[in-house]
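Written below as structure tokens is the structure these notes are about.
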Amino acid sequence: MMKLANLPKPFFVLAPMDDVTDTVFRQIIADCAAPDLFFTEFVNVDGLQSPGREKLLKKLQFNDIERPIIAQLWGKQPENFYKTAKEIVAMGFDGVDLNMGCPVKAVVKNGACAALINNRELTGEIIAAVREGVGEHLHVSVKTRVGLKVVDMSWIEYLLKQKLNMLTVHGRTAAQMSKVPANWDLIGQARQLRDELSPTTAIVGNGDVMSRTQGLELAKKHKLDGIMIGRGIFNDPFVFAEQSSWDNYTRQHRIDLFAKHVKLFAKTWQPGERAIHTLNKFCKIYINGFDGAKELREKLMQASSSDELLVLLNQTSKE
Ligand SMILES: Cc1cc2nc3c(=O)[nH]c(=O)nc-3n(C[C@H](O)[C@H](O)[C@H](O)COP(=O)(O)O)c2cc1C
């Protein structure tokens, strides 16, 4: 079993981001500058235990270079969490995380993710079901926010009393979406509560970290075990490096990195499995920071297949 205690202090985590941190992007990041821990995108257990299963299973694909890796699950039915947790063990993951923070309206309305903040009974059942499913094999963690509509530290206390192996706290309420700066003092409070209630739970802080240096400062200030970075990766694919080399990446390096991503995308996702436009986000990451980048992006984003994209990237390299 992966031991969080063996990770560096503080450890750095790549945040789960749906339609972004798939196995393809995780492999690219692992090659650029790997975090100490990866998460999958969130995967719905109720869907996984339904006829729609095959499509969702692909979201749980990973490669050894992405280790240690935690599968992130969400859903409503404890029975489906139990069945999926058993499968997660068999797939060889290093841990299982439960999403209790996603604020997307349709999801919350349905009673899942951030809605669990105000449904302790179901939360308890879900954690118990997952624990039963993974047995002694995997550690169990939760990623959440500091409240649903208003800040509610009793939620964090409740989770700490569940003696999780790790708790990631995003310093905003669900109602705040991403509209206000993350409140790191509340993350610091969660860390203090941890000392009282569950000393063995690792606390990971999340929200608006744009560099490793900033992450180290926040970890030191609030005495955190780990720092999770999500959107910071959009500005710098080497954000987890001690010394990022992104500023020294030439136009050609950046084009080559995008081509590497597109080739891996084409190898991983069969036509129709993942829309080609999901590559546009990556186009913005890589095709950036050099003269003519904007015009090139506009051209690349018109492509209707990965083959077409690769031809365009190849032509561009020769210009
Ligand atoms: C496009 C996108 C997709 C996301 N998908 C997930 C997800 O699947 N699971 C999850 O727990 N959080 C998800 N999040 C939230 C991030 O993991 C993270 O908590 C949030 O972006 C704040 O961290 P940051 O400021 O470092 O980006 C997503 C965020 C974005 C921007």
Side-chain angles (χ1 to χ4, degrees), residues 10-26 29 35 37-45 47-48 56 58-60 62 69-75 95-108 112-117 123 126 140-148 159 164 166-184 186-187 190 203-219 224 226-237 239-240 274-275 277-285:
F11 56 87
F12 279 85
V13 190
L14 175 61
M17 288 187 281
D18 196 37
D19 267 351
V20 179
T21 57
D22 64 346
T23 178
V24 174
F25 192 47
R26 293 194 304 259
I29 296 307
L37 191 56
F38 286 94
F39 273 53
T40 65
E41 304 160 86
F42 70 165
V43 187
N44 184 277
V45 294
L48 266 175
L56 288 176
K58 280 209 88 169
K59 283 193 162 202
L60 290 169
F62 70 94
I69 182 160
I70 291 179
Q72 196 192 51
L73 306 178
W74 71 283
V96 55
D97 186 82
L98 310 174
N99 182 313
M100 300 190 179
C102 177
V104 170
K105 253 192 199 142
V107 164
V108 175
C113 295
L116 291 169
I117 296 173
T123 300
I126 289 173
V140 178
S141 58
V142 167
K143 178 170 178 283
T144 192
R145 291 183 176 237
V146 288
L148 183 62
L159 288 175
L164 301 161
M166 179 170 87
L167 177 62
T168 303
V169 184
H170 177 183
R172 297 182 180 95
T173 63
Q176 286 170 334
M177 309 289 278
S178 300
K179 290 180 192 145
V180 300
N183 184 333
W184 281 78
L186 293 175
I187 299 172
I203 301 288
V204 175
N206 171 235
D208 305 336
V209 180
M210 297 307 286
S211 70
R212 186 181 168 94
T213 310
Q214 187 194 358
L216 288 173
E217 280 165 11
L218 286 164
L224 304 171
I227 294 288
M228 178 182 273
I229 300 182
R231 292 164 300 167
I233 203 85
F234 296 154
N235 290 341
D236 182 358
V239 74
F240 295 108
R274 216 155 242 225
H277 72 74
T278 58
L279 285 172
N280 289 351
K281 304 183 188 70
F282 303 104
C283 185
K284 282 187 210 149
I285 300 177

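Read the numbers this way: they start at 1 and go in the same order the structure lists the ligands and their atoms.
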Should we say atom NZ of Lys281 is surrounded by more than 12 heavy atoms from elsewhere, each under 6.0 Å from it?
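Buried by this count: over 12 neighbours within 6.0 Å.
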How about Ser141 and Asp97: does a side-chain donor come under 3.5 Å of a side-chain acceptor?
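Checked: Ser141/Asp97 side chains pair up, N/O donor to acceptor below 3.5 Å.
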My understanding is that only residues two or more places apart in sequence, or in another chain, count here; which of them pass ring pair (Phe, Tyr, Trp, His ring centres under 6.0 Å) with Phe11?
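Checked Phe11 against ring pair (Phe, Tyr, Trp, His ring centres under 6.0 Å); zero matches.
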Kindly write out the residues that satisfy ring pair (Phe, Tyr, Trp, His ring centres under 6.0 Å) with Phe42, not counting sequence neighbours, or none if the list is empty.
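Here the qualifying residues are Trp74.
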Which pairs with one or both residues in residues 10-21 pass side-chain hydrogen bond (donor to acceptor under 3.5 Å, both in side chains), sequence neighbours excluded?
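Checked against side-chain hydrogen bond (donor to acceptor under 3.5 Å, both in side chains) - neighbours excluded - the pairs reaching residues 10-21 are Asp18-Lys59.
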Contact table, ligand 1 N/O with protein N/O, distance under 3.5 Å:
{"from": "ligand 1", "atom 1": "5 (N)", "to": "Asp18", "atom 2": "N", "distance (Å)": "2.8"}
{"from": "ligand 1", "atom 1": "8 (O)", "to": "Phe42", "atom 2": "N", "distance (Å)": "3.2"}
{"from": "ligand 1", "atom 1": "9 (N)", "to": "Gln72", "atom 2": "OE1", "distance (Å)": "2.8"}
{"from": "ligand 1", "atom 1": "9 (N)", "to": "Asn99", "atom 2": "ND2", "distance (Å)": "3.2"}
{"from": "ligand 1", "atom 1": "11 (O)", "to": "Gln72", "atom 2": "OE1", "distance (Å)": "3.3"}
{"from": "ligand 1", "atom 1": "11 (O)", "to": "Gln72", "atom 2": "NE2", "distance (Å)": "2.9"}
{"from": "ligand 1", "atom 1": "11 (O)", "to": "Asn99", "atom 2": "ND2", "distance (Å)": "3.0"}
{"from": "ligand 1", "atom 1": "11 (O)", "to": "Lys143", "atom 2": "NZ", "distance (Å)": "3.0"}
{"from": "ligand 1", "atom 1": "12 (N)", "to": "Pro16", "atom 2": "O", "distance (Å)": "3.4"}
{"from": "ligand 1", "atom 1": "12 (N)", "to": "Lys143", "atom 2": "NZ", "distance (Å)": "3.0"}
{"from": "ligand 1", "atom 1": "14 (N)", "to": "Pro16", "atom 2": "O", "distance (Å)": "3.4"}
{"from": "ligand 1", "atom 1": "17 (O)", "to": "Pro16", "atom 2": "O", "distance (Å)": "2.8"}
{"from": "ligand 1", "atom 1": "17 (O)", "to": "Lys143", "atom 2": "NZ", "distance (Å)": "3.1"}
{"from": "ligand 1", "atom 1": "19 (O)", "to": "Lys143", "atom 2": "NZ", "distance (Å)": "2.8"}
{"from": "ligand 1", "atom 1": "19 (O)", "to": "Asn206", "atom 2": "OD1", "distance (Å)": "2.6"}
{"from": "ligand 1", "atom 1": "23 (O)", "to": "Asn206", "atom 2": "ND2", "distance (Å)": "3.0"}
{"from": "ligand 1", "atom 1": "25 (O)", "to": "Asp208", "atom 2": "N", "distance (Å)": "2.7"}
{"from": "ligand 1", "atom 1": "25 (O)", "to": "Arg231", "atom 2": "NE", "distance (Å)": "3.4"}
{"from": "ligand 1", "atom 1": "25 (O)", "to": "Arg231", "atom 2": "NH2", "distance (Å)": "2.7"}
{"from": "ligand 1", "atom 1": "26 (O)", "to": "Gly230", "atom 2": "N", "distance (Å)": "2.8"}
{"from": "ligand 1", "atom 1": "27 (O)", "to": "Arg231", "atom 2": "N", "distance (Å)": "2.8"}
{"from": "ligand 1", "atom 1": "27 (O)", "to": "Arg231", "atom 2": "NE", "distance (Å)": "2.8"}

Less than 4.0 angstrom from a charged side-chain N to a carboxylate O is my criterion; do Arg212 and Asp236 meet it?
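Salt bridge flag = no for Asp236 with Arg212.
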